Structure formats: structure tokens, C-alpha cells
Amino acid sequence: VVAPKSLIFNWIEEAARFTPELKMLDYTGTQRRSLMDKLSEYDVVITTYGTLRRDIVELKDVIFDFAILDEAQAIKNHQSQTAKACRLITAKNRLAMTGTPVENHLGDLWSLFEFLNPGILGSNGFFQSLVPRAEGSEEESSSLDWLSKGLRPYILRRTKSQVLDDLPEKLEQTLYCDMEPTQHKMYNELRDFFRSSLNAKIESDGLNRSKIHVLEALLRLRQAQIRNLLSKILIPTSIKTGDHLTPATRPSGTDIILNL
């Protein structure tokens, strides 16, 4: 079992609670080298990603019945030393457990399956060629549908309600908090500025190439809501809606907030 350092204790405690008959080996720490020749005496060997990365030269020659990755998103970058070390593990069966299989792009998924079943998705270059970069296109929808159907037999998805059915339903309560008049006025000015700037950006570059600017505008507006950041920023009345802030017209300190 390979897990983050913070979960090693949990694994050992849970094993002692539910499967006390299993002999657990904590293969971490500075004294672990002396345990290398005793691995076969234990039912479960648990270690961290960092330890595996450092000791993979010796551990790759050990044949395990199961290789289990906990928080497997740790190998989402297939070029990282951690991902390469995990792929060198020799095991008859492999399992990857994660709550976030895809965080940034489908390359994360390829890295997980390259550990689970090497070659099932082809080379990374071949896999990337099958995944179109144009989001929202018909080609993307078709590719994702093909990928979903192909990988479905290899994925077991369990929700919290299935695992812990004694938990009550999640309760959501929405509270509305009004901004102070001064803050509300500044927020509206920011909103109008971003709206005008984004409209011009989208018209010239298109929505796909402007998404990062849209996300940044939403972030800045959210910051203006949850924190009184605008109290330190004075937008001069000389700046009209739609104007672009340049170093000459930008008030001192606004480069932190208004960064388009």
C-alpha cells in the first residue's frame, strides 16, 4: 500500500480494527532499510510515495500480490518521479483509490491507467491525439463518450451515501449578506469595468481564448465580496467604463486586483 504520509497511521489503525489477523509493516522512517529482507514475513507493507520513490531500485524486485495506491492523484503527472516509481512496482493485481481522478485534464486519467493496466490507453502521445482540444465540440463529446464506455468496466465508483448510509442528508442553508454602501458602489464599478473589458476581449479573441480572463474577473469580484479589499483601492472617476488601465492611469496598488 502506497499512501501519503499523513494517512499511514490511519491505515495501520484501521487494519488493526477490522483485520487484526493481518501483519502490517510500516515501511517508513530512517530504519526501514533493515526491514527490506523481512517484507515476505508480513501480509501488508505500507509506505509513502516519497519512500517508494527513494527505494524503488530495491522494491521493484519484490513481487507483491496487490499494489494499492491511496490518494492516487499523486501520480497524475506521468512524467514525475513518483509516477515513474509506481509504474515500476511488480504486482499481480493493481488498485488505485482516489476521490479526484481528473483535476486538470484527461492526461491525469491516462497516468492512473498506465499504472493500473499499462498500455490500455496506448502511448501518451496516441491518447492525446484522440482527445480534441476544442472544448464543447461534437468531436470532444464523441471522444469522451467513447472513453467513458471503454473505461467503465475498470472503475468502481462509490458515493458517500453508499459507503456511510447512516449519515443524514446534507443540509444547505443560503445566507445573503449585503455589502456596505461604499463597498457596493466600488463592486459595481469593478463589475462594469470587467464586463466591458471582457466583452471586448471575447469579441477580438473569442471565448475559448478568453476563459482565463473570465475566471480572473470572477475571482476578483468574489474577493471584493468576501473581503473589504476595495477599501484600499480607489478607482479614479477619470476612468470611464470600458477604459483599459495602463501604468499611467492605474492607481497605486490596483495591479493586484485589476490585472487583465
Side-chain angles (χ1 to χ4, degrees), residues 72-80 82-83 98-114 120-152 155 179 183-230 232-260:
Q73 67 270 17
I75 66 168
K76 65 181 181 179
N77 180 1
H78 71 279
Q79 295 180 323
S80 67
T82 297
T98 176
T100 51
V102 179
E103 292 184 306
N104 299 315
H105 50 75
L106 289 177
D108 301 353
L109 193 63
W110 182 89
S111 184
L112 289 177
F113 272 90
E114 188 64 12
I120 188 174
L121 295 178
S123 66
N124 183 257
F126 172 75
F127 177 74
Q128 294 296 338
S129 68
L130 297 179
V131 181
R133 299 186 180 277
E135 298 183 9
S137 64
E138 293 184 4
E139 184 182 359
E140 181 196 40
S141 178
S142 176
S143 297
L144 293 180
D145 184 61
W146 163 83
L147 184 62
S148 176
K149 291 180 179 179
L151 297 182
R152 190 169 296 144
I155 299 177
M179 292 183 284
Q183 186 181 9
H184 196 281
K185 178 178 180 293
M186 292 183 176
Y187 174 85
N188 288 340
E189 292 178 356
L190 270 182
R191 181 198 59 195
D192 294 340
F193 171 79
F194 281 124
R195 177 183 293 168
S196 177
S197 299
L198 289 175
N199 285 338
K201 185 72 175 178
I202 293 173
E203 184 177 351
S204 62
D205 298 339
L207 179 59
N208 285 334
R209 298 181 61 183
S210 305
K211 288 184 177 181
I212 188 64
H213 299 281
V214 174
L215 293 175
E216 182 181 7
L218 292 175
L219 172 64
R220 302 311 179 194
L221 289 174
R222 185 181 182 186
Q223 289 176 334
Q225 291 176 342
I226 62 177
R227 292 169 56 188
N228 196 16
L229 293 176
L230 294 180
K232 300 179 181 179
I233 300 172
L234 297 178
I235 302 177
T237 56
S238 59
I239 298 180
K240 300 178 181 179
T241 300
D243 288 348
H244 292 279
L245 297 184
T246 64
T249 61
R250 183 186 300 132
S252 175
T254 55
D255 56 320
I256 298 176
I257 299 299
L258 305 178
N259 184 16
L260 288 177

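Below, all heavy atoms of this structure are taken into account, side chains as well, without hydrogens, waters or symmetry copies. What you see is a predicted model; the values in this text were computed from it and never measured.
Arg209 CZ: 12 or fewer foreign heavy atoms inside a 6.0 Å radius.
The minimum heavy-atom distance linking Leu121 with Phe127 is given by the pair O-CB, 3.7 Å. Across every non-hydrogen atom of Ser111 and Lys76, the tightest pair is CB-O, 3.4 Å. The two residues Leu221 and Tyr187 make their nearest non-hydrogen contact at O-CE1, 3.4 Å. Between Ala72 and Thr98, the shortest heavy-atom contact is N-CB, 3.8 Å.
Distance alone, capped at 3.5 Å, is enough to place a donor-acceptor pair between the Ser123 side chain and the Phe126 backbone. In this structure, Ser196 contributes its side chain and Phe193 its backbone to no donor-acceptor pair below 3.5 Å. Under the 3.5 Å distance criterion, the side-chain polar atoms of Trp110 are left unmatched by any main-chain donor or acceptor of Gly125.
Under the rule for a side-chain hydrogen bond (donor to acceptor under 3.5 Å, both in side chains), the partners of His184 that lie at least two apart in sequence or sit in another chain are Asn188.
Inter-residue side-chain proximity for Gln73 and Asp108 is flagged as unmet; no heavy-atom pair is nearer than 4.5 Å. Between Arg220 and Leu190, every side-chain heavy-atom pair lies at or beyond the 4.5 Å cut-off.
Here the straight-line distance linking atom OG of Ser210 with atom CD1 of Ile202 works out to 5.5 Å at 0.5 Å rounding.
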